[in-house]
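A short write-up of the structure that comes next.
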Protein chains: 4
Amino acid sequence: MAHSAHRDALPHAAPAAAVEERAPFGADPEKRRRILKAAVRTFGRRGFHEARIAEIAAAAKVAEGTVYLYFRNKEDLLGVVFDESMEDVLEKGRSLARSKAPAAEQLTALVDLHLQFIGSDRDLASVFQIELRRSARLVERFSRSKLVEYFRLLADVLRAGIASGEFRRNLEPRLAVRILFGAADEILSEWLLSGEKKPIADAKQLVGTLLRGFAAPGDSLKVAARRRRKPQ
Amino acid sequence: MAHSAHRDALPHAAPAAAVEERAPFGADPEKRRRILKAAVRTFGRRGFHEARIAEIAAAAKVAEGTVYLYFRNKEDLLGVVFDESMEDVLEKGRSLARSKAPAAEQLTALVDLHLQFIGSDRDLASVFQIELRRSARLVERFSRSKLVEYFRLLADVLRAGIASGEFRRNLEPRLAVRILFGAADEILSEWLLSGEKKPIADAKQLVGTLLRGFAAPGDSLKVAARRRRKPQ
Amino acid sequence: MAHSAHRDALPHAAPAAAVEERAPFGADPEKRRRILKAAVRTFGRRGFHEARIAEIAAAAKVAEGTVYLYFRNKEDLLGVVFDESMEDVLEKGRSLARSKAPAAEQLTALVDLHLQFIGSDRDLASVFQIELRRSARLVERFSRSKLVEYFRLLADVLRAGIASGEFRRNLEPRLAVRILFGAADEILSEWLLSGEKKPIADAKQLVGTLLRGFAAPGDSLKVAARRRRKPQ
Amino acid sequence: MAHSAHRDALPHAAPAAAVEERAPFGADPEKRRRILKAAVRTFGRRGFHEARIAEIAAAAKVAEGTVYLYFRNKEDLLGVVFDESMEDVLEKGRSLARSKAPAAEQLTALVDLHLQFIGSDRDLASVFQIELRRSARLVERFSRSKLVEYFRLLADVLRAGIASGEFRRNLEPRLAVRILFGAADEILSEWLLSGEKKPIADAKQLVGTLLRGFAAPGDSLKVAARRRRKPQ
DNA sequence: CATGAATGAGGTTTCATTCAT
DNA sequence: TATGAATGAAACCTCATTCAT
């Protein structure tokens with residue numbers, strides 16, 4: 001999951017439509033899928049810039065021109081990969097967030113979703129962790145709403161947990177969202193780049209650590225509090 | 001601080017040598033600085049791919065060819081920006097880590113260094129948070145060792161904190177490092193892309209939250225622990 | 001009427017056959033007409049190169065493939081526009097030339113035909129005055145014979161006028177044909193490109209001026225004649 | 001000489017500057033000339049659309065990129081050919097028009113300039129008679145002012161001739177200009193496309209015919225006049 | 001050391017045309 | 001006969017890099 005996607009005041013025409021690929025009437029959905037799959041593979045392995053449309057087309061066993069029947073251009077292809085993947089993830093995320101489970105469990109489930117989604121496919125991971133961060137314009141156009149919705153899911157769970165007394169009263173949900181996302185994102189990047197078989201931690205470990213905190217019980221916070229009063 | 005973009009099996013030349021710019025004997029260090037500064041500005045505003053060597057040269061008031069007297073190529077220029085910035089940061093980081101202050105304070109200081117460094121210059125932030133994540137080869141060659149050292153600084157502080165009883169015995173330092181770095185990184189990305197004046201949290205807030213944890217005192221962990229035993 | 005664009009030694013297939021569109025037996029003549037009309041409109045407004053077959057097909061309310069049932073290719077479509085328009089014009093021109101009217105009147109009528117034909121429709125004018133001059137191969141194949149016949153009509157009238165004593169004995173018919181055609185053509189181009197409502201002269205004015213000549217009675221010719229004897 | 005170039009209300013930014021090629025400081029004028037010459041040759045023989053920049057570059061013995069150092073793009077290259085050729089012609093035309101010779105002689109000299117200029121080089125002729133008429137935009141940008149000035153030279157001579165009594169009082173100069181230009185233009189097109197060695201007429205013959213008129217002395221005008229009164 | 005003119009590789013995208021239905 | 005999805009060829013131009021001065 002790309003994290004970028006902010007930049008408040010860029011005008012964008014038809015947000016949804018702009019994202020939509022150019023699908024000919026009666027389009028062959030199987031062909032479309034083949035192209036998307038080939039794109040993930042190729043973008044993931046070669047990187048967006050090094051990926052050649054000719055290569056994607058060949059991998060999808062279609063002519064080069066056919067790619068442009070289904071997608072506006074190369075960037076659009078990347079955008080659609082993001083968009084549809086995110087939609088799948090969000091679909092699952094929404095239903096997880098609808099469950100009545102304790103907040104901690106919901107958080108774990110959402111983070112697990114994140115880690116599983118990216119962590120299950122190195123090519124896709126490469127697209128999400130590397131390629132998608134390249135282009136502000138791209139991110140602007142494609143990832144805004146989907147990612148924001150994912151953040152909102154996390155924030156809602158956090159707020160519910162605070163309200164139910166499961167989480168600290170003075171926990172700042174927006175900051176906590178960034179911590180959760182940033183930590184998971186970093187774990188995935190590390191996994192991707194290290195070449196290890198599995199990420200350094202799973203959702204339970206990560207969320208567990210975040211809930212419990214780093215400090216030894218009854219200790220660090222007081223120290224920190226004490227120090228804070230002293231001038232630098 | 002960018003970290004990403006290693007691809008599994010990219011061959012990379014002699015890391016140290018590759019990092020070294022082509023500095024003619026007696027090169028004008030002032031000119032070199034001007035070029036680097038122009039590069040940060042240009043990469044930051046235009047992005048690496050859109051940045052033109054001609055533009056950087058013009059901004060630095062040197063001829064295009066001169067850039068190549070000081071730097072191997074465009075990618076090298078980006079790499080040197082990273083490398084020298086990181087070296088500055090590491091220098092400070094090392095001295096912070098040498099202090100005898102409590103671990104929590106050291107952590108806060110290191111995170112503060114991270115946030116201040118990136119958060120003080122949008123152009124530089126853009127280079128670190130966006131441009132540097134683009135090129136597998138680049139990061140492979142340039143960022144590995146410096147970034148690893150930064151991670152080691154964090155890890156050392158964490159281990160010291162665990163040893164001193166300041167942090168939980170069962171805290172996993174490698175995971176904690178990723179959490180710290182990932183959260184700070186995400187906060188910076190959010191700040192960069194949102195266009196807000198300041199990041200949503202400073203080092204104290206971030207580290208405070210991480211040390212204390214999300215869960216309400218005496219609550220969530222038990223809940224989480226209990227649930228964990230039940231099959232899904 | 002376009003005339004140009006022959007290149008010296010272009011091989012050209014069977015001129016007649018090449019001109020013939022691929023008309024399937026029982027083809028719908030109404031559909032054919034719609035396509036031709038759409039072609040004039042589109043070629044005229046967009047230019048040949050910018051005109052898209054898809055656009056012409058859409059304007060004619062047929063499928064793209066259907067265009068190729070009636071016409072060999074895009075160039076053929078342009079050629080047929082020329083050819084059939086010229087045939088209409090020639091039909092009228094032949095009957096004008098068969099009349100027993102004085103040569104001056106016949107000339108005027110023919111020039112009027114030229115000006116009215118092109119001057120009545122800016123799209124058609126654009127095709128004839130601009131687009132048709134573009135393609136050597138095209139004009140080579142399509143326009144030669146029709147245009148030559150038009151020139152012959154003019155030449156016949158001129159010769160008849162000379163024979164009848166209406167025109168100067170030493171008038172060179174071939175030159176006069178080119179003058180008549182070139183002047184009318186230029187007037188039409190000027191009209192087309194100027195955006196004016198009407199051409200700067202009608203057939204009567206043009207032919208009148210050409211018949212009468214520029215020189216003041218009894219003057220310039222002597223001057224010109226005198227000068228001519230001197231060596232350069 | 002292209003005849004088109006009208007269209008009143010198209011906005012164009014810096015008319016002169018837009019025409020100007022991109023000349024690097026210290027540009028090699030010899031190289032520039034070689035490229036222009038190669039362009040005339042290639043455009044003339046292949047046509048603008050079929051001409052490949054690679055071909056022009058090879059003919060000029062420069063790298064492809066070098067073409068773009070001297071000229072903005074392919075169209076600009078064509079425009080500069082027109083512009084500089086016209087400037088040469090205009091230079092001569094202006095001095096011819098400054099002479100105190102009789103109007104008929106001046107006209108002949110100007111038409112001769114036109115015929116000699118285009119008629120001396122089939123490649124150049126092809127560019128002027130065919131390629132330059134293709135693109136309204138091109139003509140719009142490049143030929144407007146130069147061609148208009150040429151027309152003005154002709155018009156000035158005509159007006160002077162009328163004033164001096166050399167030409168008919170009621171001669172319409174604007175129409176006469178178009179006749180002169182159109183006739184010469186047509187003669188050149190015919191020559192170009194026919195493959196004949198020389199144009200069908202030289203300036204003296206053409207201007208002589210136009211001054212004297214087609215009609216037999218004392219005849220045709222009366223006839224025409226008489227007929228004109230009768231209803232069609 | 002510095003210059004900047006010259007080089008030339010490289011790839012997306014369009015769109016005329018085809019052909020299976 | 002009609003369709004329109006699929007094809008795939010084709011070339012301009014940019015710009016990082018070099019090298020003669």
Side-chain angles (χ1 to χ4, degrees), chain A residues 22-28 31 49-58 61-77, chain B residues 23-28 31 48-58 61-77, chain C residues 23-28 31 49-58 61-77, chain D residues 22-28 31-32 49-58 61-77:
Chain A
R22 175 197 292 179
F25 186 74
D28 187 342
K31 202 166 282 184
H49 258 98
E50 302 313 308
R52 305 290 159 237
I53 290 291
E55 197 179 357
I56 294 172
K61 306 224 188 265
V62 297
E64 285 176 57
T66 304
V67 174
Y68 290 85
L69 242 38
Y70 288 84
F71 304 94
R72 207 171 304 281
N73 54 36
K74 194 180 169 186
E75 200 173 68
D76 185 56
L77 193 44
Chain B
F25 186 74
D28 185 343
K31 203 168 280 185
F48 181 80
H49 257 98
E50 299 313 305
R52 307 290 162 235
I53 289 290
E55 196 179 358
I56 293 171
K61 309 226 187 263
V62 298
E64 288 173 57
T66 304
V67 173
Y68 290 84
L69 294 176
Y70 289 84
F71 303 94
R72 202 173 305 281
N73 53 35
K74 192 180 172 186
E75 203 170 66
D76 185 56
L77 194 44
Chain C
F25 187 74
D28 185 343
K31 202 166 281 185
H49 256 96
E50 299 313 305
R52 306 292 161 232
I53 289 290
E55 196 179 356
I56 294 172
K61 307 223 188 266
V62 298
E64 287 172 59
T66 303
V67 173
Y68 289 85
L69 294 176
Y70 290 83
F71 304 94
R72 202 173 304 280
N73 54 36
K74 192 181 170 185
E75 203 171 67
D76 184 57
L77 194 44
Chain D
R22 174 197 292 179
F25 186 74
D28 186 342
K31 201 164 284 182
R32 185 175 181 284
H49 258 98
E50 301 313 308
R52 305 289 159 238
I53 290 290
E55 196 177 357
I56 294 172
K61 307 227 189 261
V62 297
E64 284 178 56
T66 304
V67 174
Y68 291 86
L69 243 36
Y70 289 84
F71 304 94
R72 208 172 302 282
N73 52 38
K74 195 179 169 186
E75 200 172 69
D76 185 55
L77 193 44

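On a predicted model such as this, the values are computed, not experimentally measured, just so you know. In what follows, chains are A, B, ... by sequence order, proteins preceding strands, each numbered from 1.
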Subject >> Gap between atoms CG and P, on A:Asp76 and E:dT14 respectively (whole Å) >> reply: 12 Å
Original post:
When the nearest nucleotide of DNA chain E is assigned to C:Ala54 and to A:Glu50 on a heavy-atom basis, which residue is associated with the more 5' position?
Top reply: A:Glu50
Give every pair of a protein N or O atom and an N or O atom of nucleotides 19-21 of chain E that lie under 3.5 Å apart, one pair per line with the distance.
none

Subject >> Sub-4.5 Å side-chain heavy-atom contact between A:Lys74 and A:Arg52 >> reply: yes
Original post:
D:Lys74 side chain N/O closer than 4.0 Å to the phosphate oxygens (OP1, OP2) of F:dC13?
Top reply: no
Original post:
Atom CZ of B:Phe71 and atom CD1 of B:Ile56: how far apart are they, to the nearest 0.5 Å?
Top reply: 9.5 Å
Original post:
For A:Glu55 and E:dG11, what is the distance between atoms CD and C1' respectively, to the nearest whole Å?
Top reply: 12 Å
**OP:** May I ask you to say what C:Ala51 touches in the nucleic acid, namely base, sugar-phosphate or nothing, with a heavy-atom cut-off under 4.0 Å?
**Re:** sugar-phosphate
Subject >> Nearest heavy-atom neighbours spanning A:Asn73 and A:Tyr68 >> reply: CA-CE2, 3.7 Å
Subject >> side-chain N/O C:Lys31 vs F:dA2 OP1/OP2, d < 4.0 Å >> reply: yes
**OP:** Using atom OH of B:Tyr70 as one end and atom C1' of E:dA2 as the other, report the distance to the nearest whole Å.
**Re:** 9 Å
**OP:** Give a yes/no answer on whether the side chain of B:Arg52 brings an N or O atom under 4.0 Å of OP1 or OP2 in F:dT14.
**Re:** no
Original post:
What is the distance from CG of C:Leu77 to C1' of E:dC15, rounded to the nearest Å?
Top reply: 15 Å
Original post:
Looking across every strand, which nucleic acid part, if any, lies under 4.0 Å from D:Val67 by heavy atom: base, sugar-phosphate, or nothing?
Top reply: nothing
Subject >> Atom-pair distance (CD on D:Glu64; P on E:dA9), nearest Å >> reply: 8 Å
Subject >> Distance in angstrom units between C:His49 NE2 and F:dC12 C1', rounded >> reply: 14 Å
Original post:
Would a 4.5 Å heavy-atom cut-off, applied to side chains only, mark D:Leu77 and D:Tyr70 as touching?
Top reply: no
Original post:
If you round to the nearest 0.5 Å, how far is CG of C:Asp28 from CG of C:Leu69?
Top reply: 11.5 Å
Original post:
In whole Å, what is the span from the CZ atom of B:Phe48 to the P atom of F:dC15?
Top reply: 13 Å
Original post:
Could you spell out the base pairing of DNA chain F in dot-bracket, with Watson-Crick or G-U pairs whose two distances are under 3.5 Å, [ ] crossing and | to another strand?
Top reply: .||||||||||||||||||||
Original post:
Could you state the NZ-P distance from D:Lys61 to E:dA5, rounded to the nearest angstrom?
Top reply: 24 Å
Original post:
Within the structure shown, what part of the strands sits under 4.0 Å from A:Ile53 by heavy-atom distance: base, sugar-phosphate, or nothing?
Top reply: base
Original post:
Within the pair C:Thr66 and F:dT3, is there a side-chain N or O less than 4.0 Å away from OP1 or OP2?
Top reply: yes
Subject >> Atom of C:Ile53, atom of C:Glu64 and distance for their closest heavy-atom approach >> reply: CG2-O, 4.5 Å
